[in-house]
Amino acid sequence: MNGADVAWVLISAGLVWLMVPGLALFYGGLSETRTTVNTLAMVMIAIAVGGVIWFTVGYSLAFSGSGPIIGNLDAAFLHDVSMTKSTRDLGISDGLFALFQGMFPMITMAIIAGSVVGRMNFKSFILFLIAWMLLVYIPLAHMIWGGGILAQHGALDFAGGDVVHISSGVSGLVLALMIGKRRVNTDTTGNNLMATVIGGGLLWFGWFGFNAGSALAADGVAIVAFTNTNIAAAFAMLTWVILDFILFKRVRISGAISGGVAGLVVITPGAGFVQPVGAMFMGVLVAIGAYFATTVMKYRLGYDDTLDAFGLHGVGGVIGGILTGVFASKPLAGVSVSWQVMGTQLGAILVTIIAVVILTFIIAKLVNLITPLRVDEAIEEDGLDYDLHGEVNA
């Protein structure tokens, strides 16, 4: 093993884990006061669900075997996964690779909560996450990162445009449509913008490990990914602020942070594949697209994406996947823009969306047979915090 690689990937794994409580603060600050505890719970439970499933069968199904869609159970419970040696020709052990990859489903599932907080039954959400990780996340991770069919066709997804952002954002939208709009919607900017800013900052900080850590080495690719991450987020935030000022003659801090998150999302699939100038254009373009999705499209179409999980992650992930094909650098990605590359990127995005929509719908229907997806009307109107959790946000 290479000591520098080991240290960097260990730190990066911790940074990715930190994104979950960061997201909890970000979402919690944007939530209504009477649903804040429920929002925090829905985000943080993803750590437990993700950690248990990844250790038991998740890692094995995602990264063992050579099936086109799913792996096998040879490495279940990390059986025969070496903590000191690599079978992947990396400077880190297979155990550290498993540890790092195991942080990604946690933040992915936590993102979904943003579309349905304030009205989804907490028990049904846990059941949904368990089935969703097994049937959606793990197969996608195998198909793109584990040598499956999309990887074989050359799909470019450096750190999770398809696997993390499109999957979570689209799933959130499907759930929101199935559950329906909130009965009480104050449509405010949140109850604690201080928490939102701190949470957004932790997300930005953690994203350096999310993207640059995906180089799986302390090398030039990690430096490129780290640099691109900051450039895309900065340009997206500034573009969002300019749009706010032009259209509304004011600058909202919640909007500025959302713009930064959109930039972090868009660069995720191409962080180690594009040059910094490409990251700049990606940041500007995603801010325009995500701004339209969150301030115009969702109101025109009438869906209730509570905290804009689809608007930021779903839309941002799609834009990022397409632009990764546009700005791919041959020295970094091994390919440069061509009709074939663009076709591959669009194909991977379509496969992801179709699979996620169908499977999310089926999972939600099955969960609803066990326990209702939506809380009772009285609980929703009173607020979910005390009735579901016995706690309130003082």
Residue pair S64 / D74, side-chain donor-acceptor N/O under 3.5 Å: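 The criterion, which ignores hydrogens and geometry beyond distance, is not satisfied for D74 and S64.
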Please tell me whether S171 and T360 have a donor and an acceptor in their side chains that are separated by less than 3.5 angstrom.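 Short answer, yes.
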Would you mind telling me which of N192, L384, N393 makes a side chain to side chain contact (heavy atoms under 4.5 Å, CB included) with T36?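 Result: among N192, L384, N393, N393 is the only option passing the side chain to side chain contact (heavy atoms under 4.5 Å, CB included) with T36.
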Heavy atoms, side chains only, cut-off 4.5 Å: are [X] and [Y] in contact?
X	Y	result
V241	R252	no
F122	I126	yes
N228	P276	yes
W132	S167	yes
V286	V265	no
L173	V170	no
V356	V174	no
F310	M297	yes

Return the [atom1] to [atom2] distance between [X] and [Y], rounded to the nearest 0.5 Å.
X	Y	atom1	atom2	result
L134	I53	CG	CD1	4.5 Å
L156	Q345	CG	CD	4.5 Å
I257	I198	CD1	CD1	10.5 Å
W207	F210	CH2	CZ	6.0 Å
F235	M282	CZ	CE	13.5 Å
L40	Y27	CG	OH	12.5 Å

Could you walk me through whether F104 and W54 pass the side chain to side chain contact (heavy atoms under 4.5 Å, CB included) check? CA-CA 10 Å; F104 283 68; W54 193 252; over 6 Å; no
Kindly give the heavy-atom pair with the smallest separation between [X] and [Y], and that separation in Å.
X	Y	value
V20	V43	O-CG1, 3.5 Å
V117	M42	CG1-SD, 4.0 Å
N368	P372	OD1-CA, 3.4 Å
G160	W145	N-CZ2, 3.3 Å
L203	M19	CD2-O, 3.4 Å
L202	G22	CB-CA, 3.9 Å

The single option from R183, R34, R119, R182 passing side-chain hydrogen bond (donor to acceptor under 3.5 Å, both in side chains) against E380: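 Passing option: R183.
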List the steps and the verdict of side chain to side chain contact (heavy atoms under 4.5 Å, CB included) for V315 and T294. CA-CA 10 Å; V315 173; T294 57; over 6 Å; no
Assign the ring pair F208 / F205 to parallel, tilted or perpendicular, where the plane angle (0 to 90°) is split at 30° and 60°.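 Geometry flag for F205 against F208: perpendicular rings.
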Criterion side chain to side chain contact (heavy atoms under 4.5 Å, CB included) on M280 and F327, from CA distance to verdict: CA-CA 11 Å; M280 175 187 71; F327 293 109; over 6 Å; no
Full working for side chain to side chain contact (heavy atoms under 4.5 Å, CB included) between I242 and L238: CA-CA 6 Å; I242 292 171; L238 185 58; 4.1 Å; yes
Output all residues satisfying ring-ring contact (aromatic ring centres under 6.0 Å, His included) with F55, sequence neighbours left out; order by chain, then residue number.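 With sequence neighbours excluded, F55 shows a ring-ring contact (aromatic ring centres under 6.0 Å, His included) to F77, given in chain and number order.
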May I have all residue pairs that pass salt bridge (charged side-chain N to carboxylate O under 4.0 Å, His left out) and include part of residues 78-97, sequence neighbours excluded?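 As it turns out, the salt bridge (charged side-chain N to carboxylate O under 4.0 Å, His left out) pairs with a partner in residues 78-97, which skip direct neighbours, are R88-D94.
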